[in-house]
Every structure is written in structure tokens, then in C-alpha cells.
Amino acid sequence: MVAPSAAPPNTVAQSDCARTVQALFDLTGRVALVTGGSRGLGLQIAQALGEAGAKLMLAARKAEELEEAVAALQAQGIDARWCAADCARENDLQRLVQETLQRLGDIDILVNNAGAAWGAPAEEHPLEAWDKVMNLNVRGYFILSQLVGRHSMIPRRRGSILNVASIAGLGGNPPDMRTLAYNTSKGAVINFTRALAAEWGRYGIRVNALCPGFFPSKMTCGTLQAMGEPRLAAAAPLNRLGDDEDLKGAALLFASDAGKHITGQWLAIDGGVSAVIGA
Ligand SMILES: NC(=O)c1ccc[n+]([C@@H]2O[C@H](COP(=O)([O-])OP(=O)(O)OC[C@H]3O[C@@H](n4cnc5c(N)ncnc54)[C@H](O)[C@@H]3O)[C@@H](O)[C@H]2O)c1
Ligand SMILES: O=C(O)[C@H](O)[C@@H](O)[C@H](O)[C@H](O)CO
């Protein structure tokens, strides 16, 4: 006769995962640094993290836009500050990290979001524009991640880095968009995310990427005007563009303990554009 096996362990009770789902998504007491946080997608992500309880440092180049964004967040009761910095410049990024550490304390969440695009046919793409796009979108993400890793996350053996890539990093854009450097840079961000996750998992640091589809913003207003909303929306099975709350849930998942076993991943938030063969 076979002895009855022991009852299967109650995995929920035996692990340390006794927190409620609200507690897993809660960011109270965490510090988040968001680049390009003054408007658009960066501000949307900052707002999500702030609403979940994080203290925010927003960085961008223009003080007036930062002031306005911070005032709006503070009016919501969010603890938000700003620091003007050009995220393509190493000195500015060093100063940004120092200031964040001094004013808010150790950095738990880094959102690399400040980015630029350039439209030109590949055969005429100016080299200076190529360098500008790659310097901000790739080199800037690397420099800031390295600084935040060295000075805050690695010593504390914790942290979440969220890189804003794009579905433009999964392939080419429609030919009349002509954004070769941009697509190249966003492809690099996706693999930067995976490679850094592979290295820094040992330090308890998670690194993930968001791949938004088309969201109306200052960056995309020219394309939106040229191509028209119906045409852009038609590429998406959900038949619409992204709006000012569509990134919030995914950002919070990656940033919080709700995502504590997720690293090296990218998630498309694109209404399904990237799911369509030939899209
Ligand atoms: N809007 C979209 O459809 C879309 C889709 C996928 C990915 N993205 C990515 O989202 C990110 C934000 O873009 P957005 O659409 O919100 O554009 P946006 O132009 O509204 O915002 C860009 C932000 O980056 C800041 N910024 C630009 N250059 C900077 C620099 N050199 N140093 C510091 N800050 C700088 C701006 O001040 C602003 O806060 C970018 O990385 C972009 O590639 C956008
Ligand atoms: O990064 C961006 O600004 C957007 O994601 C676009 O470039 C999309 O790739 C395009 O909408 C695909 O049709």
C-alpha cells in the first residue's frame, strides 16, 4: 500500500507573499526619477507612480515646463520636485543624480524616458541627427542607469529601471515616416534592457521596457498631422491611439513589488499594432 503523500504545500501561506494586492502595487516611501517627465508619456508615468505613493524627481531641459508639471502633480497631493537637465549630457546627468540623492534620498525607481526622433529618408539622414537621436535615446539611458546603479541601487541591492522604448524598436515604421535612427535607437533600448537585466539581477535590480505604440504628444504631433488619426488608428486592432492613462498600469506593474519577479522584459502597449503580421 502506498503511503498517502503529504498534502501539497500551501504555497501562498508558506512564501513571504502575504501582502495584499494593494500593498504589492503601493509605492509609498519609494523615490522615482523620471526623465522627460515634464510632459507626454513621461508625465503620464510620473503621475501613475506618484498616485501610487512615490516621491518624484522630474527631469527635462525646460524649467518652465517642469514647473508646470510639478505644480499639477503637487495639486494632486503628490510629492514632486524637478531638476533641469539635458539627458544627453554626462555632466547634467551626474548633477541630476546628485541632486536627487540630496533632495529625495536613494533612488528606488528610474524611468529612462526622455527621447527624440528625427524624420529623414535613410539615404539623406544627416549624421548629426543620427548622433543626436542615438546620444539621447541610447547613450543617455546607459549613462543614467550606470550612475543610478553605482550610487544608489547596487549598494542597496534593490531597484527597478523602466526604459521607455517603442514598438518602433521591433521593426521599421511605415516607409513614409522615415525614422531610421529612431527605430535603431529603440531596438537598442530593448536589448539594452535585456542585457542590463541579465547583469544586474544579481544585485536585485530589475530592468524592463515599455514599448508604446502611437500616442499623441509633442513628439508625434507632426506625424499625426501628416498621416491623420484615422489612418494611424487603423493600424491597431483596437482602432485607436494611446491616451493619457494607457501606460499607467504597465508602468506601475514594472515599478512596484507586484512585478518583483519580472525582469528583462518588454511590453507593447499599442492597441495591438505589433500583433498584426505585416503591420
Ligand atoms: N508618443 C508616442 O507615440 C511614443 C511612442 C513610443 C515611444 N515614445 C517614447 O516616449 C518618450 C517620450 O516621448 P513623448 O511622446 O512623450 O514626447 P514629448 O516630446 O512629449 O516628451 C519628451 C520629453 O522628453 C524631454 N526631453 C527631450 N529632449 C530632452 C533632453 N535632451 N534632455 C532632457 N529631456 C529631454 C522633453 O522635455 C519632454 O519632457 C520618448 O522616449 C519616445 O521615444 C513615444
Ligand atoms: O515611437 C513612436 O513614436 C511610435 O511608436 C511610432 O513611431 C510607432 O512605431 C508607429 O506608430 C508605428 O506605426
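Note that ligands are numbered from 1 as they come in the structure, with each ligand's atoms numbered from 1 the same way.
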Just to be sure I read this right, does ligand 1 sit under 4.0 Å from the backbone of A59, its side chain, both, or neither, counting only heavy atoms?
neither

Quick one: do D257 and R30 make a salt bridge, cutoff under 4.0 Å?
yes

Judged by non-hydrogen atoms, does K186 sit under 4.0 Å from ligand 1?
yes

Quick one: look at N113 and ligand 1, take heavy-atom pairs under 4.0 Å, and tell me if it's side chain, backbone, both or neither.
both

Geometric N/O contact S166 with ligand 2, under 3.5 angstrom
yes

Does only the side chain of L41 get under 4.0 Å from ligand 1, or the backbone, or both, or neither? Count heavy atoms.
both

Classify the contact between F215 and ligand 2 as side chain, backbone, both or neither, using a heavy-atom distance cut-off of under 4.0 Å.
neither

Would you mind reporting whether L136 and C87 have side-chain heavy atoms less than 4.5 Å apart?
yes

Using distance alone, decide if ligand 1 has a nitrogen or oxygen within less than 3.5 Å of any nitrogen or oxygen in C87.
yes

Residue F214 vicinity, atoms of ligand 2 by number, heavy atom under 4.0 Å
11 (O)

May I ask you to check whether P216 has an N/O atom sitting below 3.5 Å from an N/O atom of ligand 1?
no

Taking 4.0 Å as the limit for heavy-atom contacts, which would you say applies to A117 with ligand 1: side chain only, backbone only, both, or neither?
neither

Going by distance only, is there an N or O of Y182 that falls short of 3.5 Å from an N or O of ligand 1?
yes

For P212, take its heavy atoms, then give the atoms of ligand 1 lying under 4.0 Å from any of them.
5 (C), 6 (C), 7 (C)

Name of the residue among N191, I167, L170, V189 meeting side chain to side chain contact (heavy atoms under 4.5 Å, CB included) with W266
L170

Is R156 paired with D108 through a side-chain N to carboxylate O contact shorter than 4.0 Å?
yes

Considering distance alone, does some N or O of M177 sit under 3.5 Å from an N or O of ligand 2?
no

Looking at ligand 1, does K62 have a heavy atom less than 4.0 Å from it?
no

Is the H125 ring parallel, tilted or perpendicular to the W130 ring (thresholds 30°, 60°)?
perpendicular

F214 N/O to ligand 1 N/O under 3.5 Å
no

If we only consider heavy atoms of V164, is any one of them less than 4.0 Å away from an atom in ligand 1?
yes

Could you list the atoms of ligand 1 found under 4.0 angstrom from a heavy atom of Y141?
41 (O)

Contact with ligand 1 for G242, non-hydrogen, under 4.0 angstrom
no

